[in-house]
Amino acid sequence: MTDETPTLETSLVDLPRREWLARVEAIADEDGYVENLGRRHHAIFIEQSTTLIVTFETLQGIQALSDLGQPLGWDMLKTHGWSHLCLASHGDTWFRDPAVYGYFDRLIDDGFFDEFDQVLFYGAGPCAYAAAAYSVASPGARVLAIQPQATLDPRITEWDDRFTDMRIQDFTTRYGYAPEMLDAADHAYVLYDPREQLDAMHAALFTRPNVTKLRMRFMGDALQTDLLEMDTWTDLVKAAGNGTLTPTTFAELYRARRSYRPYLRNLLILLDAEKREPLVEMLCSNVTSRIRARRFAQRLKEIRTARGEDTEDD
């Protein structure tokens, strides 16, 4: 570790866990704190304004998703001046740990969330489950949950065979069934791809009057990564936190997919698999008119050649 005092601009990429936590603690020292919650969880808090984002993240995900190896919530801290509370886990734990329950109990007792005008809970996948589940600690908060699981209690979701090793964990006691924990929220937004069957089944369990489900059709099973790569994540989080995220607002942000190659490839593969050649041609023609895309140009040429058309360049 260097003698130089780390800042919010300091890279924390690929640091060992202890050194990473030490540098984060040095950064948070003046306006916040780092607290260990048992062996696998940590709370990292930095205060800047009366808008708070509470993110649930894994240490591994932080390193994979951030160019600087920093919590995602720090983007909102740096660009919009929000306060940030990060709950970080070592691996996917769904934050099912008495030490985490106790931490949120203390925040409630201390009136921590009452000090903020706006509170947003955020997470993706197992972390989205936690964001929804622990949002009950701050009545009136908003929640942005990307591909959340409702629970891994096999009595409710025995059809989900992706995380069978977690069934030993108790999802029935404190902060347990995520959809019910949203009853105290001002509003929650659940993002998912309806073609991902298990994600869609979990999303269905979140159907409630104060929940808006936003569909990212044909995008796949890594929506958080897609939003970051499309450069729409920050705007999406800001809108959710401010309460201005509507289906129309989301549709405008989601237009970024029109130039996002993973989405376009997924769509091409699907249309080809369904043998919908007229739509394949329309897609390839549209894509190649806007961006350089060799795969789409080649597919368009194949279709038109098979039809006997001259495909030579002018």
Side-chain angles (χ1 to χ4, degrees), residues 43 45 49-57 72-73 76 80 82-87 94-96 100-101 103-153 156-157 171-192 199-216 223-224 227 233 235-250 253:
F45 175 60
S49 74
T50 57
T51 296
L52 173 70
I53 180 171
V54 183
T55 65
F56 292 80
E57 309 181 44
L72 281 178
M76 302 307 295
H80 297 292
W82 289 11
S83 296
H84 178 224
L85 174 60
C86 175
L87 278 294
W94 282 259
F95 294 84
R96 301 303 298 163
V100 181
Y101 311 158
Y103 176 71
F104 276 94
D105 290 344
R106 294 200 308 274
L107 293 183
I108 295 169
D109 291 342
D110 294 342
F112 172 80
F113 294 108
D114 297 335
E115 298 179 7
F116 299 93
D117 295 333
Q118 294 184 130
V119 179
L120 174 69
F121 283 71
Y122 169 84
C127 296
Y129 159 82
Y134 287 103
S135 70
V136 71
S138 179
R142 300 185 180 100
V143 181
L144 179 57
I146 300 175
Q147 295 173 260
Q149 290 85 50
T151 177
L152 297 186
D153 180 356
I156 300 174
T157 58
F171 282 81
T172 64
T173 53
R174 307 294 313 285
Y175 305 100
Y177 185 53
E180 285 185 353
M181 299 300 102
L182 290 177
D183 287 348
D186 174 75
H187 206 85
Y189 309 92
V190 172
L191 276 64
Y192 67 104
D199 286 347
M201 292 168 74
H202 277 285
L205 297 176
F206 282 90
T207 302
R208 272 169 157 68
N210 64 337
V211 175
T212 297
K213 289 184 284 188
L214 300 169
R215 296 163 180 81
M216 296 179 64
L223 303 186
Q224 179 175 243
L227 290 165
W233 185 88
D235 289 338
L236 177 71
V237 171
K238 183 181 178 183
N242 293 338
T244 58
L245 183 58
T246 64
T248 300
T249 304
F250 177 73
L253 290 172

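Nothing fancy with the numbering, it's 1 onward along the sequence. All heavy atoms count here, side chains included; hydrogens, waters and symmetry mates do not.
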Undergrad: Considering only heavy atoms from C-beta outward, does the side chain of Y175 approach that of V100 to under 4.5 Å?
TA: no
Undergrad: For residues T157 and H202, report the shortest heavy-atom separation together with the two atoms involved.
TA: CG2-CE1, 3.8 Å
Undergrad: Do T55 and H84 have side-chain N/O donor and acceptor atoms under 3.5 Å apart?
TA: yes
Undergrad: I'd like to know if the side chain of R96 pairs up with that of Y101 as donor and acceptor (distance under 3.5 Å, no hydrogens or angles considered).
TA: yes
Undergrad: So, for F104 and F95, is the gap between ring centers shorter than 6.0 Å?
TA: no
Undergrad: Restricting to non-hydrogen atoms, name the atom on R215 and the atom on K213 that form the minimum distance, rounded to 0.1 Å.
TA: NH1-O, 3.5 Å
Undergrad: Using 0.5 Å steps for rounding, measure from the OH atom of Y177 to the OH atom of Y129.
TA: 10.5 Å
Undergrad: Return the CG to CG distance between D235 and L245, rounded to the nearest 0.5 Å.
TA: 11.0 Å
Undergrad: Identify the heavy atoms of V237 and I53 that sit nearest to each other, and give their distance.
TA: CG1-CD1, 3.6 Å
Undergrad: Taking side-chain contact (heavy atoms from CB on, under 4.5 Å) as the test, write out the residues that go with D153, two or more places apart.
TA: T151, R155, I156, F171, T172
Undergrad: Measure from the ring center of W82 to the ring center of F116 and say whether it is less than 6.0 Å.
TA: no
Undergrad: Name all residues meeting the salt bridge (Lys or Arg N to Asp or Glu O under 4.0 Å) criterion together with D105; count only those two or more places apart in sequence or in a different chain, and write none if there are none.
TA: R174
Undergrad: Under the ring pair (Phe, Tyr, Trp, His ring centres under 6.0 Å) criterion, do F206 and Y192 qualify, and how do the steps go?
TA: CA-CA 12 Å; F206 282 90; Y192 67 104; 9.8 Å; no
Undergrad: How far does OG1 of T50 sit from CD of E115, to the nearest 0.5 angstrom?
TA: 11.0 Å
Undergrad: Enter the distance from F45:CZ to L52:CG here, rounded to the nearest 0.5 Å.
TA: 6.5 Å
Undergrad: Is the backbone N or O of P179 less than 3.5 Å from a side-chain atom of R208, with the two atoms forming a donor-acceptor pair by type?
TA: yes
Undergrad: Search all heavy atoms of M181 against all heavy atoms of S135 and return the closest pair with its distance.
TA: O-OG, 3.7 Å
Undergrad: Under the criterion side-chain contact (heavy atoms from CB on, under 4.5 Å), I'd like the reasoning laid out for Y189 against L236: C-alpha separation, chi angles, the key distance, then a yes or no.
TA: CA-CA 10 Å; Y189 309 92; L236 177 71; over 6 Å; no
Undergrad: For the backbone of H187 and the side chain of R142, can you confirm whether one donor and one acceptor N or O come within less than 3.5 Å of each other?
TA: no
Undergrad: Rounded at 0.5 Å granularity, tell me how far CZ in F112 sits from OG in S138.
TA: 9.0 Å
Undergrad: Over all heavy atoms of both residues, which pair between N210 and A185 is shortest? Give the atoms and the distance, please.
TA: ND2-O, 3.1 Å
Undergrad: What are the two closest heavy atoms between A128 and I146, and how far apart are they?
TA: CB-O, 3.4 Å
Undergrad: Using the ring of each side chain (for Trp, its six-membered ring), is Y122 parallel, tilted or perpendicular to W233, with breaks at 30° and 60°?
TA: perpendicular
Undergrad: Listed by chain and number, what are the side-chain contact (heavy atoms from CB on, under 4.5 Å) partners of M216, not counting sequence neighbours?
TA: L191, M219, L223, L227, M230, F250, Y254
Undergrad: Quick one: CG on L253 to NZ on K238, what's the gap to the nearest 0.5 Å?
TA: 11.5 Å
Undergrad: Using side-chain heavy atoms (C-beta onward) and a distance below 4.5 Å, is L85 in contact with L107?
TA: yes
